[in-house]
*Asks:* 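What follows is a single structure, and I will ask about it in a moment.
Below, each value reflects all heavy atoms present in this structure, side chains not excepted, and no hydrogens, waters or symmetry copies.
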Amino acid sequence: ESMEDEKLTPEEFIRERYKQFKLTMDSFDEEMLLQRYLSSFSQVYDPHSDYMSPSSVEDFDINMKLSLVGIGAMLRPADGLAKIVRIIPGGPADKDGRLKAGDKIIAVAQGDAEPVSIRHWPLYKAVRLIRGEKDTKVVLSIIPASDRSGTRTKKIDLIRDEVKLEEQAAKAELKERDVEAEATRRLGVIILPDFYADFKATSKNEKDARRASTDVRRLINELMLEDIEGLILDLRNNGGGSLVEAIETAGLFISSGPIVQVKERGGVQVLPDADPEISYDGPLIVLVNRLSASASEILAAALQDYKRAIIIGDSQTHGKGTVQTLMPLGKRRGPLKLTTAGFYRINGGSTQLKGVTPDIILPSYLDVMDIGEDSLKHALPWDTIRPAMYRIQTGVSELIPVLAAQSRERLETNEEFLAFIEKRDRLKLRFETKTISLSLESRLAEAAAEKELDDIQSGAFLDDEDDEEETTDIILEEALNILSDMIDLKQANQSERLAPTMSSRAGSPAK
């Protein structure tokens with residue numbers, strides 16, 4: 001809440017909110033009305049068919065190619081204004097240094113023209129004014145974050161430039177684990193928040209086109225130079241993106257073969273990884289959660305069906321097993337995005353609704369919240385088709401029961417994890433409780449506990465922007481422990497297999 005809200009009586013507060021709501025309704029323009037109407041109409045068929053306005057097409061392109069021209073600031077609506085949530089590293093605002101997270105934009109001017117007030121504008125309209133052509137000037141009138149009274153304003157002029165959205169790009173981390181025999185064991189983690197691809201650059205065959213699969217391949221090679229013994233591919237919160245990128249990324253871990261089946265009106269198509277090259281063939285874990293959707297589910301399902309990796313995460317992934325096609329609606333209108341096909345695993349099961357069930361399930365906040373395809377209206381049902389032909393790898397699935405038991409044993413004595421479970425159970429109770437007390441004393445007592453749950457709920461989707469403290473990623477830590485156990489088990493199995501045969505096969509080197 002803003003400082004102004006704190007001074008209002010409850011009646012004034014409610015009246016103020018209604019006033020804001022009316023201003024928002026009055027600012028609805030033709031584009032917003034059309035989006036509401038056509039999306040409501042198309043979502044009767046399934047939750048992923050909708051209308052994409054020109055501004056949502058622009059946002060989609062930006063997300064896919066990880067770059068835009070603007071000032072490099074992330075915004076969200078607050079008190080009828082556009083509030084700066086975060087300054088993007090390397091962008092014009094970051095280099096200039098005057099704009100800060102928490103500042104609120106009240107007006108925008110193009111070059112030396114008069115400022116236009118953006119109070120109570122829908123965010124997408126405000127964003128359109130701020131973005132623009134490279135090397136042009138934009139002047140923002142802001143209320144600084146430091147001024148809690150909201151009375152002082154200042155102007156900041158910035159020159160627009162290309163902003164690279166590096167936070168959404170794949171990144172790698174090197175983790176170390178202590179092991180008894182040797183000092184430390186090196187493990188790699190690749191975090192992939194999105195299956196991005198700069199479609200225009202890729203279609204022109206540009207060599208340096210931004211693509212998720214090429215970035216992941218490069219990061220694997222960098223980690224291999226660090227002598228990693230195991231790898232985690234972290235697909236948590238990855239909502240999907242380019243299907244081609246998911247197939248190519250899965251192909252980095254297997255020689256060649258089918259990855260996904262797509263069922264359309266004309267029949268079933270099997271989409272393979274045709275490249276026999278393997279970038280990484282060592283112990284592999286894929287980390288998922290309820291927000292891993294679409295292309296993420298295809299990659300996880302394929303590596304699970306090949307028994308190439310162990311999947312770890314929430315009780316299931318999101319369950320979006322459908323494919324959408326853009327249908328143009330004429331020049332000045334955006335396209336309709338309509339569901340035209342379904343995704344199926346190579347084992348014949350759909351990823352729709354049921355998603356992917358991990359081999360080892362770790363408790364999660366998201367499992368107790370209404371998230372996932374099964375909580376959406378008009379979701380399409382789950383079904384199966386014939387499996388594709390593929391060759392399973394041996395060795396991984398036999399390890400799962402032992403790894404799961406060792407993990408359970410470890411977590412039962414982990415203080416941090418037990419505190420996490422206790423919070424999760426309280427969150428579950430909140431979602432299941434449909435009543436609230438009307439007694440002021442009871443409500444005030446609940447309010448403090450509710451604040452913590454609110455923070456968990458917003459932080460469960462994203463790392464909360466205002467939270468500077470580094471909290472331990474319990475799930476990643478446990479996945480690293482499981483990976484380390486997996487390496488130990490594999491090494492033990494290998495030495496058992498090799499011991500009796502060494503003498504009889506003296507001529508050939510031990511593999």
*Asks:* Taking distance alone, no hydrogens or angles, what donor-acceptor pairs closer than 3.5 Å link side-chain atoms of residues 310-318 to residues at least two apart or in another chain?
*Replies:*
residue : atom : partner : partner atom : Å
Asp314  : OD1  : Ser364  : OG           : 3.1
Asp314  : OD2  : Arg290  : N            : 2.9
Asp314  : OD2  : Ser364  : OG           : 3.1
Ser315  : OG   : Asp367  : OD1          : 2.9
Ser315  : OG   : Asp367  : OD2          : 3.4
Gln316  : NE2  : Leu353  : O            : 3.1
Gln316  : NE2  : Lys354  : O            : 3.3
Thr317  : OG1  : Glu297  : OE2          : 2.7
Thr317  : OG1  : Val356  : N            : 2.7

*Asks:* Give me each pair satisfying side-chain hydrogen bond (donor to acceptor under 3.5 Å, both in side chains) with a member in residues 248-262, each pair once, sequence neighbours excluded.
*Replies:* Arg211-Glu248
*Asks:* Sequence neighbours left out, what passes side-chain contact (heavy atoms from CB on, under 4.5 Å) with Ile62? Give chain and number order.
*Replies:*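 Expected list: Glu58, Asp59, Leu68, Arg131, Leu165.
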*Asks:* Check the orientation of Phe41 and Tyr45. Use parallel for under 30°, tilted for 30 to 60°, and perpendicular for over 60°.
*Replies:*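 The rings of Phe41 and Tyr45 stand perpendicular, inter-plane angle above 60°.
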*Asks:* Do Pro335 and Leu329 touch side chain to side chain, with heavy atoms closer than 4.5 Å?
*Replies:*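 Answer no - side chains too far apart.
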*Asks:* Might you work through the salt bridge (Lys or Arg N to Asp or Glu O under 4.0 Å) test for Arg128 and Glu31, ending with a clear yes or no?
*Replies:* CA-CA 13 Å; Arg128 271 191 165 174; Glu31 181 175 322; 3.3 Å; yes
*Asks:* Got a second to check how far Ile71's CD1 is from Ile88's CD1, nearest 0.5 Å?
*Replies:*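 Interatomic distance, Ile71 CD1 to Ile88 CD1, rounded to 0.5 Å: 9.0 Å.
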*Asks:* Could you work out, with side chain to side chain donor-acceptor pair (under 3.5 Å) as the rule, every residue matching Lys423, not counting sequence neighbours?
*Replies:* none
*Asks:* Side chains of residues 91-101: which donor-acceptor pairs under 3.5 Å do they make with residues two or more places apart or in other chains?
*Replies:*
residue : atom : partner : partner atom : Å
Asp94   : OD2  : Gly90   : N            : 2.8
Asp96   : OD1  : Arg98   : NE           : 3.3
Asp96   : OD1  : Arg98   : NH2          : 3.2
Asp96   : OD2  : Arg98   : N            : 3.2
Asp96   : OD2  : Arg98   : NE           : 2.9
Arg98   : NH2  : Asp157  : O            : 2.9
Arg98   : NH2  : Asp157  : OD1          : 3.1
Lys100  : NZ   : Gly97   : O            : 2.4

*Asks:* What salt bridge (charged side-chain N to carboxylate O under 4.0 Å, His left out) pairs are there with at least one residue in residues 257-268, not counting sequence neighbours?
*Replies:*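 Applying salt bridge (charged side-chain N to carboxylate O under 4.0 Å, His left out) to every pair that reaches into residues 257-268, excluding sequence neighbours, yields Lys263-Asp383.
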*Asks:* Of all residues at least two apart in sequence or in a different chain, which pass the side-chain contact (heavy atoms from CB on, under 4.5 Å) check with Lys134?
*Replies:* Val69, Asp161
*Asks:* Could you work out, with side chain to side chain donor-acceptor pair (under 3.5 Å) as the rule, every residue matching Asp215, not counting sequence neighbours?
*Replies:* Tyr196, Arg210
*Asks:* Under the side chain to side chain donor-acceptor pair (under 3.5 Å) test, which residues partner Gln269, sequence neighbours left out?
*Replies:*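 Counting only residues at least two positions away or on another chain, Gln269 forms no side chain to side chain donor-acceptor pair (under 3.5 Å).
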*Asks:* Roughly how far, to the nearest 0.5 Å, is the CG atom of Leu75 from the CD1 atom of Ile118?
*Replies:*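 It is 8.0 Å, given to the nearest 0.5 Å.
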*Asks:* Quick one: list whatever passes side-chain contact (heavy atoms from CB on, under 4.5 Å) with Ser40, sequence neighbours left out.
*Replies:* none
*Asks:* Looking at residues at least two apart in the chain, or sitting in another chain, which of them share a ring pair (Phe, Tyr, Trp, His ring centres under 6.0 Å) with Tyr280?
*Replies:*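 Tyr280 satisfies ring pair (Phe, Tyr, Trp, His ring centres under 6.0 Å) with no residue once adjacent residues are dropped.
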*Asks:* Under the side-chain contact (heavy atoms from CB on, under 4.5 Å) test, which residues partner Pro122, sequence neighbours left out?
*Replies:*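 Result, side-chain contact (heavy atoms from CB on, under 4.5 Å) vs Pro122: Ser27, Met32, Tyr124, Lys125.
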